[in-house]
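First the structure, in the form of structure tokens, and then the observations on it.
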Amino acid sequence: MKTRAKAAFSVLLVCLQLMFFLSLTGCWDSVELNRRAIVSGVAIDRGPNEEQKYVISFQIIVADEISGENSRGVSPVTLYTGRGRTMFEALANASRQTARFLSLGHVRVLVISEAFAREGIKGIMDVLERESDMRLTTLFFISKGQPAIDCMSTLTVFGKIPSNDLVEKLETTSKQFGYSYKMEVDDVIRGIQTIGGGPLINGVYVSGARSKADTKKNLETIEPQAIIRIKGLAVFKDDKLKGWLEGEAAAGAALIRNKIKHLPVIIKMKDGSYVSCNVYQSQVHIKAELTDPEHPVFSVRITQQAAIKESSNDLELTDPQVLKDISVKIAEVTHQQLETAIVSTQKLKSDVLGFGEVLERSHPRGWKKIRDRWSRIYATSRIEIATEAVIRHTDMRTDSFQVNKPE
Amino acid sequence: MNIKRSASRKAGTGESASLEYSGPKLTDNLQQTLENIVTELGDAPDLKIRRVRLSGDRNVLAAAVHLSELADTTAVNEFVIGSLLDQTGEWNADTSASADTLPELILSHALNVGEAVLQEDWKEIMLAILSGDTAILLEGYSVSIVCQTKGGESRQVSESTAQLVVRGSKDSFVESVATNVSLIRRRIKSSKLRLEYMQIGTVTRTHVALMFIQETADADQVDEVRRRLAKISIDGILESGYIEELIQDKTFTPFPTIYNTERPDVVAGNLLEGRIIVIVDGTPFVLILPAVFTQFFQSAEDYSQRFDIVILMRLIRYISFIVLILGPSIYVALTTYHYEMIPTTLLINLLAQRENVPFPAFVEAMLMEITFEILREAGVRMPRVIGQTVSVVGALILGQAVVEAGIITPIMVIVVALTGIASFAIPAYNLAIAGRIIRFGFTLLAGMFGFYGVTLGLIVLVAHMNSLRSFGIPYLFPFVPLSVKGQKDTILRLPLWAMKPHRSPQEAREDRPAGTKVTSGHKENLAPQIRRKSDGDTAGGEVGQEGGWDENKS
């Protein structure tokens, strides 16, 4: 009996002690939601001097304006900027301006200015990896020729949070008719680590009247005054930006990286009319031959499947020969795209397309000998391109209604 | 046999004799005996004594004693008194009969009653009278003939109120043991079905019936149940909950280790699976033991619906148990510690909701949970008409008002409502209330340590459940210890042919956990009454076939 009473007493005591915990306000790292400032996007600019090297802008969600009943009709996001010698100092300086805890757990977009990217982004990447709140799945952008803060301070039509708008834009373009694809912090870090190469990062810029971008006026007109656009691929060598791929070159780069889901191809016919095709599947195989270590030979073989989307002429699309001719032309266009991409990156001496990786896999021993000089060797190595395209269907019609028109 | 045993106890009972009269209470003097009975029962107005003179050669004075409110008056009048007054009875003439005494003669020749025995023990006679039987006393004989005339009002067998099914039998147990036994016997017409009676409660002397199927049920387990029942020393048993609490393996646990039901079909099914049942007079709730965790997720209907649908329903029950114990704690942990785990768009929603709420999420959760419990508690015992009002006022008006006043976030109301509904999805009420208690603990842990605390809590919970035994069977069987054979009717419910209902008792027993010994539980956890008695006394006490009811004579 005595032991039982003792046990009961000790249980009671433990319960009592647990109750005391409750009276300690602010348990450990407990933060109520209404004490948090949720950051949706971060822009990092290069400051004018070393004292203010990092200029970090945080786009913070004002939840009340987005879904609250008691919204005041003001901007759905707000921007706080902190400066400092290090990322952490800048973050701390920005925190001091806000009434709440800056919470980085939901950062979806990270934009770095071109100026900073040309200088090198190693310092930034370390913080992104080290900070426990940050996600490695945050999307990475390079602000093209503009301060990165502009992208954070542009109001958007769809979705009240500009960062989300940017994310969704990227998702749409990567699925339909675009060469930009998702590049996350993790991809960038891995890209920096590739020997002789670097990451390939989406470019972003604000077009239109940038002075009106951050006011509600941007949304009041039917046609927005300023729009955030995704354009170009930034080619990095290690952690430094070297140049941009645009148009055909960018499309070629995305094709070699096997990231294309849908790509429009426009073919000019003999009679001057155009046929538009949609390449909905493409597969790249790269092979490496290393007979002479100094001169590796790569063969890029690409197979594509396409559909005819537009043919406003009298082509007889029921004729297999016609389709064959068109597919040959698609292959030619693709060939051109790949070649431009390869040549441009060779010029920039950066193996962002991942040829080194192929070589390492197929010839690990040879790779060891040349990997220190790889970027130089890559610039001069021979790359053969073989393209093949098949037209699978012509969508809802075969021939255009113009074909059998009575004369 | 009865006489022998009764006689041996006589000495014991004699000691507690009243002060006025010191001799034996059952005497051969009829008048004295009747006076003793009247005194013993405190001159009860419903005590009826009918004196008759047995006509014929013997001319003996006799008396029939019964309690008119308790006995079936028709039976007493027609069969007991009627037989005694029957002049033409052949026993009456048979004066030259052999060595048989008059009471034996009456017993063997006269009474038109289905059940009657000679009783020499005063205590037993009193008990019989108090149970509604009629005692016949004869001048010159210190023995009584006890006739079964139990009657009195009892509830009709009606539809179950606590465990409803869409498809299945619609009868349910009532407060009378005899009726309940009949409901079971009607379902299992097997000679292997065993029934034992005992009386528990020093004052109430409640009839308790123990039923099991010989060979199918584990003999050790049956012994253990008998032993524990015998060791109960308590004034009164008013409900099977009393017994449950006294014989369960562990007191300090929220989990029930004995199943209870008011459905005869459930009882029959469990008997066939080798379990033991305990019926207590005065309650329609019958105990089934041993009971493991998965059993509380089974419903009677599971076996009348298609098996695939049942599997889905079972899954939903398990999920609702998880929702029940973890719902509010996950909400609290997510919003106060792990905001990064909430999808961004949902987070923005939550943020906007929480913007003007004055309380921390933990306080909010506790407030709402307690409010819900108050509502539930208020609604349970309300008369049915008002009960509806309570739930409407509580759920709708209070819920909406609280949100509009900005005290609680709408999502919290959703979470609480969800856990509330989840608690009703669990078929066993006693497991649902266990879940409710555990839920508070988890909310507390989540408020203090976030998911870290919740995880620790889960580990402790599972460890605790593993420590539980129900009459030697591990509580989490067939998951721990894992038995593949035993999975046939847990989360899954295989088609009946796959569950092999025609298996032999040996096969049935093989499905039970191997290597587990029937124990007297964790001795220190047993109820004090049973614990105290289990030291030393192993004889089994007063268990056994208490005479009177004939089902156990098979």
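Every chain is numbered from 1, with letters handed out A, B, ... down the list of sequences.
- Note that CD of E355(B) and CD of E65(A) are 10.0 Å apart. Values are rounded to the nearest 0.5 Å.
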Quiz item: Where do F252(B) and V11(A) land on the side-chain contact (heavy atoms from CB on, under 4.5 Å) test, with the steps shown first?
Solution: CA-CA 11 Å; F252(B) 295 101; V11(A) 165; over 6 Å; no

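- In this structure, the separation between CG on N34(A) and CD on Q353(B) is 11.5 Å, given to the nearest 0.5 Å.
- Note that CG of L33(A) and CG of L350(B) are 6.0 Å apart. Values are rounded to the nearest 0.5 Å.
- In this structure, chain B has a heavy atom under 4.5 Å from the backbone of L104(A), while its side chain stays farther away.
- Few gaps surround CZ on F440(B); more than 12 heavy atoms of other groups in view lie less than 6.0 Å from it.
- In this structure, NE2 in H106(A) is found 8.5 Å from CG in L351(B), a value given to the nearest 0.5 Å.
- Both the backbone and the side chain of S103(A) have a heavy atom closer than 4.5 Å to some heavy atom of chain B.
- Taken to the nearest 0.5 Å, the CZ atom of R36(A) stands 12.0 Å off from the CZ atom of R354(B).
- The shortest heavy-atom contact between E32(A) and P360(B) is OE2-CB, 3.1 Å.
- Atom-to-atom distance recorded for N356(B):CG and D64(A):CG is 6.0 Å, nearest 0.5 angstrom.
- The contact between R135(A) and chain B is made entirely by side chain atoms (from C-beta outward), counting heavy-atom distances below 4.5 Å.
- The most heavy-atom pairs under 4.5 Å with chain A, out of I342(B), T345(B), I348(B), come from I348(B).
- Around atom CD of E171(A), more than 12 heavy atoms belonging to other residues, nucleotides or ligands sit under 6.0 Å away.
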